[in-house]
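Everything on this sheet refers to the single structure shown next.
Just so we're on the same page: letters track the sequence lines, and every chain starts at 1.
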Amino acid sequence: MGDRKLPRAFYTRTNVLTVARELLGRLLVVPAPDGARISGLIVETEAYRGPDDRASHAYGGRRTDRTRTMYAVGGTAYVYFVYGMHHQFNVVTNVEDVPHAVLVRALEPVEGIDVMRRRRRGRADEGLTSGPGKLCLALGIDRALDRADLLGERVWIEGGRGPIPRSAIAAGPRIGIDYADAWRDKPWRFWVRNSPFVSR
DNA sequence: CAAGTGATTAGC
DNA sequence: CTAATCACTTGC
């Protein structure tokens, strides 16, 4: 198992679709309040390709208080709040000033499952982290982590099980972006085929 | 299938 | 300033 944090160069590559696929099978980690680890293997991602992607918050090069984070260097966390109740955890990719990002949509719980069950009382284990808002609840991720460096100590990603073979990766249209006209149907959502932990 | 919830954004 | 919208989840 790759016990080390993914290096900066993993994130600064120029093809956000490649990074979105290669994030599958990696271990997302946050420290628990007591210092233990809470973690899960990434099983579902979506790529958002900055200025030319109508579905991206940074479409057209938009720079606002919220989207400023997307222009940070690859390997920065982009965390925002939607629908009045849910946080979303994204990984900024590419070099500084290119606003590409990958939304992490689902995890397979690995460490700290007891903590996750407490935070998501009543849910089956398959439902603890099977959605972008759910996994933020389970891991305790909120906007305090926006702009956090993924090579730091507040949230990071390790090699995990390593890259998932291309044959085991499924792709389809992204969720919740019906407003994005031509970009709506692009198959930029990736998941581990047969994983019971992906979102619905 | 629709409500809920509040930050964010565009537009005046 | 106001009003519409939203990279979702849950329970009806």
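Within 4.0 Å (heavy atoms only), A/Ile177 reaches sugar-phosphate atoms of the nucleic acid but no base atom. A/Glu46 comes within 4.0 angstrom of no nucleic acid atom, judged by non-hydrogen atoms across all strands. In this structure, A/Thr64 reaches the sugar-phosphate backbone alone: every heavy-atom distance under 4.0 Å involves primed, P, OP1 or OP2 atoms, never a base. In this structure, A/Arg123 reaches the sugar-phosphate backbone alone: every heavy-atom distance under 4.0 Å involves primed, P, OP1 or OP2 atoms, never a base. Counting any heavy atom pair closer than 4.0 Å across all strands shown, A/Arg174 reaches no nucleic acid atom. Counting non-hydrogen atoms under 4.0 angstrom, A/Arg184 reaches nothing in the nucleic acid. In this structure, A/Arg200 reaches the bases: a heavy-atom distance under 4.0 Å links it to at least one base atom across the strands shown.
Taking a pair to require two hydrogen-bonding distances under 3.5 Å in either a Watson-Crick or a G-U wobble arrangement, C/dA7 remains unpaired.
The outermost nucleotides of DNA chain B lying under 4.0 Å from heavy atoms of chain A, listed 5' to 3', are B/dG4 to B/dA10. Of all nucleotides in DNA chain C having an atom under 4.0 Å from a heavy atom of chain A, the first and last in 5' to 3' order are C/dC6 to C/dG11.
A side-chain donor-acceptor contact under 3.5 Å links A/Arg105 and A/Ser199.
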Worksheet entry | Criterion salt bridge (charged side-chain N to carboxylate O under 4.0 Å, His left out) on A/Asp181 and A/Arg184, from CA distance to verdict | CA-CA 5 Å; A/Asp181 358 292; A/Arg184 184 183 51 202; over 6 Å; no
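Taking the six-membered ring for Trp and thresholds of 30 and 60 degrees, A/Tyr80 and A/His57 have ring planes more than 60 degrees apart, a perpendicular arrangement.
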